[in-house]
Amino acid sequence: MAGNSFGTLFSITTFGESHGKAIGVIIDGCPPNIDIDEDFIQSELDKRRPGQSKITTQRKESDTAQILSGVFEGKSTGTPIAILIPNEDQRSKDYSHIADKYRPSHADFTYQQKYGIRDYRGGGRSSARETAARVAAGAVAKLFLKKHGIEIFAHVSSVGPIEAPNLDTTDLNALLERRENNIARCADPATANEMIALIDEVRKAGDTIGGQVSTIVRHVPAGLGEPVFDKLHADLGKAMLSINAVHGFEYGSGFIGSQMRGSEHNDIFVKENDNVRTRTNFSGGIQGGISNGMDITFRTAFKPVATIMRDQETLNESGEATTITGKGRHDPCVVTRAVIIVEAMTALTLADHFLRNMAYTNER
């Protein structure tokens, strides 16, 4: 099975399945002498872990990270960092009824067709359980980026038809505090309450619902991105679309920009405190695939979780019509836990491009 690695210089390889003994990640290319705060890594994992509120899956996992290598006396050594996260609360029997059935909109059929075998227990490798390993790696990437003053903030900006208003992003720390004060992880408290009520209503009906996560990245230097095929927004798009249940990505003005005229959409350059800035930021901080020093902004859309607690028509492995009913513990809306995954994949992408860009700045 290919496709388990991400990144060029700051790269990760994840391993493990939803109902295996453990999941984990190997981080290769992390520079030496980075302060590796294990409490911070654990706090990031705690934001993604299951069972944290009434509107998330009730699977109970502590997601305790064990650093096996690459760290000495609290600092990275420059060698591969291995992080292991044991699985503690697998209930494989919850999936015995689908051993020979294809769940609608899941990876069951495609995995069977590609590999001729599949782990039906929680989806195996296709499970969102794998993303815990990404969050652990993303925390290390954040620690690297923090050394260079780069800040990343994401929050739930919509659930179904409920959308949060545009936020004042002057103080990202204040937004983070507001986000973490509610289980919807929306930085607007009033909207968060509406979202929680809707998700709970959907959960009680045995259904699921989708949503969006909005992200802003501050203090990214101009120059990150590798045209033509490794443009910064292209790699951010790949990073987001690699996350389970993601069905859409847009940066800057996104699809709305297609309705505008060039005279409206062009970001005019100005001089501000001896720095080149733009009056507007429809480009989302990226032009020609390269960061321009403005805030990087993008949105990530998540579909409704595929497992619903209702009867659905489907086929079994013999191609016979049958009925399937969702069982087990599943999120009614994935975005509340996906916020930290989005941040992690953002950090991994930026850390990789930061290192790649150093090759140019060091040559000047």
Side-chain angles (χ1 to χ4, degrees), residues 1-14 25-31 34 78 80-81 130-131 133-135 137-154 213-244 246-255 257-258 267 276 278 281-301 341-364:
M1 181 179 184
N4 296 292
S5 300
F6 179 84
T8 302
L9 295 183
F10 193 110
S11 67
I12 68 167
T13 300
T14 69
V25 61
I26 304 293
I27 307 167
D28 200 6
C30 179
I34 303 299
I81 298 173
E130 177 269 341
T131 60
R134 306 188 196 197
V135 171
V140 174
K142 282 185 178 181
L143 292 170
F144 167 66
L145 295 173
K146 180 181 178 181
K147 187 175 180 180
H148 299 280
I150 297 174
E151 299 177 273
I152 301 171
F153 170 78
V213 173
S214 292
T215 306
I216 179 170
V217 190
R218 184 154 292 158
H219 306 309
V220 177
L224 271 59
E226 302 292 331
V228 292
F229 295 113
D230 293 347
K231 293 180 173 72
L232 185 56
H233 62 280
D235 279 356
L236 283 169
K238 177 181 179 179
M240 297 308 123
L241 289 164
S242 74
I243 301 171
N244 307 59
V246 170
H247 269 215
F249 170 82
E250 60 177 8
Y251 75 101
S253 61
F255 288 101
S258 67
D267 294 318
V276 175
T278 59
N281 192 22
F282 293 118
S283 300
I286 303 170
Q287 294 171 326
I290 302 172
S291 62
N292 65 3
M294 296 292 287
D295 291 346
I296 293 176
T297 60
F298 60 88
R299 290 159 296 282
T300 309
I341 306 170
V342 167
E343 288 190 354
M345 292 306 298
T346 303
L348 290 166
T349 304
L350 292 174
D352 188 40
H353 275 279
F354 195 96
L355 291 179
R356 294 169 75 172
N357 195 55
M358 286 176 66
Y360 299 104
T361 57
N362 288 339
E363 288 175 358
R364 293 178 184 174

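Excluded from the calculations below are hydrogen atoms, water molecules and symmetry mates; all remaining heavy atoms, backbone and side chain alike, are included. The shown structure was predicted, so the numbers you read here are calculated from the model rather than taken from an experiment.
- The side-chain contact (heavy atoms from CB on, under 4.5 Å) test with F6 is passed by exactly one of T14, T349, T13: T349.
- No donor-acceptor pair closer than 3.5 Å links the side chain of R218 to the backbone N or O of M294.
- Contact record, R134 with A239: NH1-O, 4.4 Å, taken as the closest heavy-atom pair.
- Listed here is the closest heavy atom pair of P227 and G288: CG-O, 3.5 Å.
- The shortest side-chain heavy-atom distance between V342 and M240 falls under the 4.5 Å cut-off.
- Closest of all the heavy-atom pairs between S242 and M345 is OG-CE, 3.9 Å.
- For the pair I81 and V140, the minimum side-chain heavy-atom distance is below 4.5 Å.
- The shortest side-chain heavy-atom distance between T278 and S283 does not fall under the 4.5 Å cut-off.
- For T215 against A154, the heavy-atom pair with the smallest separation is OG1-CB, 3.5 Å.
- Listed for the E250 side chain is a donor-acceptor partner under 3.5 Å among the backbone atoms of F255.
- Relative ring orientation between Y251 and F249 is described as parallel, the plane-to-plane angle staying below 30° on a 0-90° scale split at 30° and 60°.
- In terms of heavy-atom proximity, A137 sits nearest to V25 at CB-CG2, 4.0 Å.
- Remark: side-chain polar atoms of N292 are not paired, donor with acceptor, to backbone N or O of Q287 under 3.5 angstrom.
- When side chains are defined from C-beta on, I341 does not count as touching V213, because their heavy atoms never get closer than 4.5 Å.
- In the displayed structure, K146 atom NZ is contacted under 6.0 Å by at most 12 heavy atoms of other residues, nucleotides or ligands.
- Checking side-chain atoms of D352 against main-chain N and O of T8 turns up a donor-acceptor pair under 3.5 Å.
- At least one side-chain heavy atom of P221 sits less than 4.5 Å from a side-chain heavy atom of I150.
- In this structure, CD1 on I12 lies 11.5 Å from CG on D28, to the nearest 0.5 angstrom.
- At distances below 3.5 Å, at least one donor-acceptor pair connects side-chain atoms of N281 with backbone N or O atoms of D295.
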